[in-house]
Amino acid sequence: MFENSPNIANILPMQHHEVRKKFLDFFHKRGHAIIPSASLIPENDPSVLFTTAGMQPLVPYLLGQAHPEGVRLANLQKCVRTVDIDGIGDNTHATFFEMMGNWSLGDYFKEDAIKWSFELLTSKEEGFGLDPQRLYVTCFEGDENAPRDEESAGTWREIFKKHNVTGERIYFMPASKNWWSPGDNGPCGPDTEMFYDLTGTLIKGLSKQEYMKADEEQKVVEIWNDVFMEYEKKDGKVIGKLKNKNVDTGSGFERVCAVLQGKDNIFETDIFSELMKVSKSLGSNTKSQRIIADHMRTAVFMIGDGVIPSNTDRGYILRRLIRRAVFNTDLRSLSKIKITECIDALICTYEEVYTNLKLKRDTLI
Ligand code: SER
């Protein structure tokens, strides 16, 4: 769609291994312990079937327990979200994804979190080298639970001024957009979200209405979310403040790779290149090919973490994904060889990061 847009980062496209490394190195250099991704199967949370956000395995620490690695953490966390399963096949949704995240457990707060988000996104030396003129941000407008987030907006104003980024690009939004919680219970708070202009044509800024239209048309896409977790929810209601002021950031790895590789969809990034070669020989149209690739990838990661197909809970979701992948193939082209090719494509893409997939190859095929 945006093939003629200027080079998205004004630099050479960054490959996925490099994006991963840049993110981790950036936060390691700023005092964060790099922790491994937890399993897709939540260890201490019976309320969810899968890990759905980077912060989920960290809930006890966001609630005040001391983390053995300290108060600054960062990682890429494997996540599964199946709520949008019917939307798979569009440009940006995936049932499995990795979330890049950095956390402050009662240490730094809004100003540092926002400054580092901006620096990582735009620094040509240490970060992704994105164009600051193509950034748009939202902040929480305030309600009965928490005040309007002038502090975050003030930090953004200062940053934009320092970098000569002009025009309207900070928008206040209600809790439906800019308040994040993992569910009805647990840590939560207002957030500030960062969006990137994929078209390279909106650099003069946008009115709020124009920004909302650009978001709807996927001309701007969300690339990062900084949540300021200082509140707690119980049974769906905010009940007060937590012991600590925490930061929970989340950035969709696949989406950021798409932006950095000048693609308007995640399936054309190098993360999917091997897998899409196989799925293109299995599905008859783009949507089917993307569904096959997405569901196969999720199924492989689920099995890698010990899920087995069954009629209940996690096993049922896995079975459903496999069935949907199969239904989207042109059945004549489906064979054991093709399924093995999908699995090998995934093992090859992830072998440096998720070694368990290679070790489980026999189970997977
Ligand atoms: N928890 C927030 C999210 O999932 C930020 O990490 O977007």
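Remember, it's 1-based here, ligands and their atoms both numbered in the order they're listed. For this chain, numbers begin at 1 and follow the sequence in order. Quick caveat, the model's predicted, so the values are computed rather than measured.
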For this session: Answer yes if the ring centres of His32 and Tyr108 are under 6.0 angstrom apart, and no otherwise.
Result: yes
For this session: Determine, for Phe327 and Arg323, whether the Lys NZ or Arg CZ falls below 6.0 Å from the six-membered ring centre while staying within 45 degrees of the axis.
Result: no
For this session: With heavy atoms only and a cut-off of under 4.0 Å, state how Asp248 meets ligand 1: side chain, backbone, both or neither.
Result: both
For this session: For ligand 1, note which part of Asp226 has a heavy atom under 4.0 Å away: side chain, backbone, both or neither.
Result: neither
For this session: Would you check if the side chain of Asn328 reaches a backbone N or O of Arg324 as a donor-acceptor pair within less than 3.5 Å?
Result: yes
For this session: Is it possible for you to say whether Val19 and Val221 belong to one hydrophobic cluster, with membership spreading through side-chain heavy-atom contacts below 4.5 Å?
Result: yes
Using a strict cut-off of 4.0 Å, indicate which atoms of ligand 1 neighbour a heavy atom of [X].
X	result
Met55	1 (N)
Arg81	4 (O)
Ala53	4 (O)
Val227	2 (C), 5 (C)
Gly250	5 (C), 6 (O)

Exercise. Are Asn102 and Thr249 linked by a side-chain donor-acceptor pair shorter than 3.5 Å?
Worked result: yes
Exercise. Are side-chain N/O atoms of Tyr196 and Arg255 paired as donor and acceptor at under 3.5 Å?
Worked result: no
Exercise. Who's the nearest protein heavy-atom neighbour of atom 7 (O) of ligand 1, and how far?
Worked result: Asn225 ND2, 3.2 Å
